[in-house]
Amino acid sequence: MANNDELRKNMALFPIGIVMKLTDLTARQIRYYEQHELVKPARTGGNQRLYSFIDVQRLLEIKDLIEKGVNIAGIKQVLLPVSGDSEEATVITEQTEMKRKELTETQLHKMLKQQLISGKRPGQVSLIQGELSRFFH
DNA sequence: TTTCTAACA
DNA sequence: TGTTAGTA
C-alpha cells in the first residue's frame, strides 16, 4: 500500500505563514498565484488556507519559473492543468507529477528558445518578462 | 497573533 | 507586487 504516501502528500497541513518560510514567497504572491489557479489549497472552517506538500512543491516550481523570467501566462501554459480538488477524492500520484514536470520543463525550454530567437511577431504576447526580454528590444 | 479580502497617497 | 485597513 504505497498509496498511503500520496494521501499524506496531498493532505492539507500548513497555513500560509509556514508556506511563506518554506518557499520564501510573500503571502501576497502565494494568494496571487492561487487566484490564477496555479495552486488550490484547502480551507479550514474559518476560511484559512491549508497547503499540502504537493502544494508547496508547486509553489517552489512557480518560484523557480518566476526567477527564470517567465510570467503568469507562461507559467500557466507550463504548469496547467492544476491537480486541484483537495476536498474531493482526487489524488495525484508522485509519478504523474514527475512525468508532467519532465514534459513541461522540455516545453519551457522550447518556448523560451523559440521566443528568444524569433523576434516579436505581431499579435503574439510574450511569455517572458523583465531582464530576459529586454535583451531583445 | 495570524490570516483574510479588498483596494490604492 | 507592496502595503494597509478592518475583520474573523
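Keep in mind that the numbers below use all heavy atoms, side chains included, and drop hydrogens, waters and symmetry copies. Each chain gets a letter, A, B and so on, in the order the sequences are listed, and its residues count up from 1.
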Using a 4.0 Å heavy-atom cut-off, does A:Ile66 contact any base of the nucleic acid, only the sugar-phosphate backbone, or nothing at all? sugar-phosphate
Watson-Crick or G-U wobble partner for C:dT1, using a 3.5 Å limit on both distances? none
Can you tell me how far apart CZ (A:Arg8) and CD1 (A:Ile54) are? Round to the nearest 0.5 Å. 12.5 Å
Rounded to whole Å, how long is the line connecting atom CG of A:Asp24 with atom P of C:dT1? 14 Å
Taking CZ from A:Arg31 and C1' from C:dT4, how many angstroms apart are they, rounded to a whole number? 12 Å
CG-CG distance between A:Asp24 and A:Leu59, expressed to the nearest 0.5 angstrom: 12.0 Å
Check whether any side-chain N or O of A:Arg28 sits under 4.0 Å from OP1 or OP2 of B:dC4, and answer yes or no. no
Between A:Asn47 (CG) and C:dT7 (C1'), how many Å, whole number? 12 Å
Measuring to OP1 and OP2 of B:dT3, would you say a side-chain N or O of A:Arg49 lies under 4.0 angstrom away? no
Please give, in whole Å, the distance from C:dT1 C1' to A:Gln35 CD? 12 Å
Quick check: does any side chain N or O of A:Glu102 sit under 3.5 Å from a backbone N or O of A:Lys99, one acting as donor and the other as acceptor? no
Which whole-number value in Å describes the distance from A:Arg43 CZ to B:dT2 P? 19 Å
Heavy atoms from C-beta onward define the side chain here; which of C:dT1, B:dC4, C:dG2 lies closest to that of A:Gln48? B:dC4
Gap between atom CZ of A:Arg58 and atom CG of A:Leu60 - 0.5 Å precision: 12.0 Å
Rounded to whole Å, please give me the gap between CD in A:Glu34 and C1' in B:dC4. 11 Å
Verify the contact: side-chain N or O of A:Tyr33 to OP1 or OP2 of C:dT1, cut-off strictly under 4.0 Å; return yes or no. yes
Pair assignment for C:dA8, Watson-Crick or G-U wobble, requiring both distances under 3.5 Å: B:dT2
Nearest whole Å is fine: how far is B:dT3 C1' from A:Phe14 CZ? 17 Å
Need one value for A:Gly17: base, sugar-phosphate or nothing, where a base atom within 4.0 Å counts as base even if backbone is also close, heavy atoms only. sugar-phosphate
Among C:dG2, C:dT1, B:dC4, the nucleotide that comes nearest once only the side chain of A:Tyr32 is considered: C:dT1
note: A:Ile62, atom CD1; C:dT1, atom C1'; distance rounded to Å ~ 15 Å
Single hit among A:Leu38, A:Thr23, A:Ile30 for side-chain contact (heavy atoms from CB on, under 4.5 Å) with A:Ile62: A:Leu38
